[in-house]
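When a ligand or atom number is given, it counts from 1 through the structure's own listing order. Positions are given from 1, in the same order as the sequence printed here.
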Amino acid sequence: MVGPKRRTSLVFAVLMLSTTRSFIASAFSNVQNAGFLGRGGGQIPGRVFRTAEQRRGLVRTPSRAPPTKELLVTSPDEDTTVSTYNMEDIVNVCKRRGFVFQSSEIYNGFNGFYDYGPLGVELKNNIKQRWWRDMVHSRDDMVGLDSSIIASPRVWEASGHVAGFVDPMVDCRVSKLRYRADQLYFTKVELQEDGEVIGYIALLDSGDLHGEARKLAEKLKKKAGKEGTIKFPLDIKDMTKATVAEMALIPSPATGEPGSLTPPRAFNLMFQTSVGALADASSTAFLRPETAQGIFTNFKNVQSTGRVKVPFGIAQIGKAFRNEITPRNFIFRSREFEQMEIEYFIPPEEEVWPDFYNKWIETAWQWLTSIGMREDLMGRDVHLKGDLAHYAKACTDIVFRFPFGQVELQGIAARGDYDLTQHQTSSGKSMEYFDEANKRRYVPHVIEPSIGVDRLFLALICSAYAEDEIEGEKRVVLKFHPSMAPIKVGVFPLVKNKPEIMEKARAIYDQLKRRYNVFWDVSGAIGRRYRRMDEAGTPFCITVDFDTLEDDSVTVRERDSTRQTRMKVDDLLAFFDKEING
Ligand code: GAP
C-alpha cells in the first residue's frame, strides 16, 4: 500500500468560525448536514467510544468521561499501521465503483440514509448469505426468523425502548445544528499564574481530543490578548456534565459564540409512524430500532414449532431504524441499517452463562476473520461491571480500527432473563421453557451476539482496500476474500474481432454465471480490464486467447499476486469452487 497516512480532522471551537468540512463529503454531492460531513466528529484511533452497552436504550447512558485509552481492555496491536488510506479513499471507491450512493442524491441527499449499488448489493448479500450459512444452516442448535419491522407499541414499552432509548441532545439555537451532548466536549481555559478564566472552548472529538483542546486554548488566549501560561491539564468534560452557569459560557461549535446551546435533553431515537387511517396517539407505532425484540416476542412460537431444546438460538437478519442525532462516518452510523442478531437461550444457573458467552465471543471473532476481516485491526473491548445495565452479566465488543478511529463492530452480551421476563410480565403470557429431561420450568437466560451488516460492510472494505503499483501504474485493489467478492470472475476474450474466441469465451461465461456472479468485458487492453476488476475486488480473471482454440486452456489471473496460470477449461469449476467456497 502506498500514500501518506492521513486522518480526518473534525474540530470545532470558539475561534473556529468556519467548521472543518470533512473531505469525505466531496465524494458525494453536497449534502447539507450530512452525517459524515463532520458534525459528529471523529473517533479516536486506539480508543473506543462505546455505544454498545447503550444498546437496548435502558442503558443508553449519556454521561461518559471523554474516551480514554483505559477503556480498551484488549486492543488491536498498537503498532499496526492502521492504513495508508483514509475515509475519503474508501468513500471514493464506494461511489466510483457503485458500492454505495448517498440516498436521494439527485435531491442533494438525505442525511443518514444510503443506497447500495450493483456491487454493494452483491457484497451485502454475500455477507448475509455466509452468515446465515455459518450461523444457522451449519449448526444444529440454531433456527431462523423473519419478524415484522413494525410491531405492537407494547413490545417497545415492555422492552424499555419507549422510556429509555434516548440520547442526550443539545441544539444550537442560531445554526439549528444538533449535537449529541455526550460527544460534544468543553473545557474552561484559565491562567496558571492567577487562575484568571479566559473563557471556554468547545470541540468535537477529532482523534486527539487533548491535543486539539490544547491548541484551541492557546488560540483563545492569543485572541483575548492575554499573557501568561495556560493551566494544564485541561479539565475536559462532555456537555452532559455542564452546569447551568457553564452552559451560558460554552460556545456553540457552529457559531463560535456562547449562549446559543440549549441544555441537554433526552431524545428518543425510535422513528414513529401511524398505523391505520387515523393519525392520533392510539395509532402511533415505531419502526424497530433492533431486530432482537422480534426474537423475544416469538420465543414460544419458535420453540414450540421448531422442536428445539435449550440451549438453542434464534437468528434474524433485518432492517433496523434509529433516528440518530449525528449519523456519521459514512455508513458506520446511519439511520436505516441492517442487523444480524442472535438470541441464544441457555439455562438460568449462574455457572452456565460464562462458557456460552465466551464461546460466542470466539465464534464471532473466528467468523469475522474467516470472511477476510483484518485481524490486526480488530480488538476486544470488555465492558467494566460498572458500565453494564443492572440485569446484564457481561458484555464484550469486537472493535475495529476504521480510518476514523477504533469503534464497536459487534457486541456480545450476556443479558440474563431480562427481555423474556419483561415480555412475560407485560403480556401476561408465559415465557417459560419446560425442560423435559429434568422436569422443570424456567425462563431461559440469553447470550446476544449482534452485528450491523452495513458496519461490517464498511469494515470489510477497509480490510480489503489497498493501493499498489503494477508495471509503473498505480492501482486500487479491493482484496476481498473470494467468498465476499461481489464479482467472482471476470471473463475476457483477448480480441473481439475473432468470432471463435468470442464464442469460446461466451460459453465459459455462460457456464460460470449459472453458479457465480461473473463479469463479461471485451473493451480495452487486457491490462485495463484487469485494473477494473481489481478495483471491484474480483479475485479471478479468465482470458480466452488464440491458444485456447488449440488446447482448450485459458489464462487465470489472480488479483492479489497478479500471478497468471494456464488452466484447462474443464478444471475451472472445481478450481473456483475450492477457492470461493473453501
Ligand atoms: N440488540 C442489540 C443491539 O441492537 P447495538 O449495539 O445497539 O445492540 C448492534 O447494535 C449492532 O448494530 C452494533 O454493534 C452495530 O454493528 C450495529 N448498529 C447499531 N447502530 C447502528 C447505526 N446507527 N448504524 C449502523 N449500524 C448500527
Check your understanding: Looking at ligand 1, does any of its N/O atoms fall within less than 3.5 Å of an N/O of E290?
Key -> yes
**Study point:** D89 side chain to N92 side chain, donor-acceptor N/O pair below 3.5 angstrom
**Key:** no
Exercise for review: Answer yes if the ring centres of F332 and F330 are under 6.0 angstrom apart, and no otherwise.
Suggested key: no
Revision key, fill the gap. Contact region, R333 to ligand 1, non-hydrogen atoms below 4.0 Å, reads both
Review point. Taking distance alone, with no angle check, do E341 and ligand 1 share an N/O pair under 3.5 Å?
Key: yes
**Study point:** P289, any N or O under 3.5 Å of ligand 1 N or O
**Key:** no
Review point. Do Y116 and F457 have their ring centres less than 6.0 Å from each other?
Key: yes
Review point. Can you list the ligand 1 atoms lying under 4.0 Å from a non-hydrogen atom of A292?
Key: 1 (N)
Practice item. Output the list of atoms in ligand 1 that are nearer than 4.0 Å to some heavy atom of L409, sorted by atom number. Key: 14 (O), 15 (C), 16 (O)
**Study point:** Options S334, P327, A320, ranked by nearest heavy atom to atom 24 (N) of ligand 1, top entry
**Key:** S334
Check your understanding: For ligand 1, which atoms, with element, lie under 4.0 Å from some heavy atom of E324?
Key -> 23 (N)
Point to revise | Closest to atom 7 (O) of ligand 1 among E338, R322, Q293, R415 (heavy-atom distance) | key: R322
Review point. Which bit of S450 gets closer than 4.0 Å to ligand 1, counting heavy atoms only: side chain, backbone, both or neither?
Key: both
Study note, to complete from the structure: Taking only non-hydrogen atoms of E448 and a 4.0 Å limit, the atoms of ligand 1 in range are 1 (N), 2 (C)
**Study point:** Under 3.5 Å side-chain donor-acceptor pair for D141 and Y344
**Key:** yes
Practice item. Drop me the distance from I314's CD1 to F345's CZ, to the nearest 0.5 angstrom. Key: 4.5 Å
Point to revise | Close N or O approach (G452, ligand 1; < 3.5 Å) | key: yes
Review point. If we only count heavy atoms from C-beta on, is the E375 to W365 side-chain gap below 4.5 Å?
Key: yes
Exercise for review: Of the side chain and backbone of T291, name the one, both, or neither that has a heavy atom under 4.0 Å from an atom of ligand 1.
Suggested key: neither
**Study point:** Where at least one partner belongs to residues 422-431, residue pairs that pass side chain to side chain donor-acceptor pair (under 3.5 Å), sequence neighbours excluded
**Key:** Q293-H423
Check your understanding: Of all residues at least two apart in sequence or in a different chain, which pass the salt bridge (Lys or Arg N to Asp or Glu O under 4.0 Å) check with K359?
Key -> D355
Check your understanding: Can you tell me if R130 and S483 form a side-chain donor-acceptor pair at under 3.5 Å?
Key -> yes
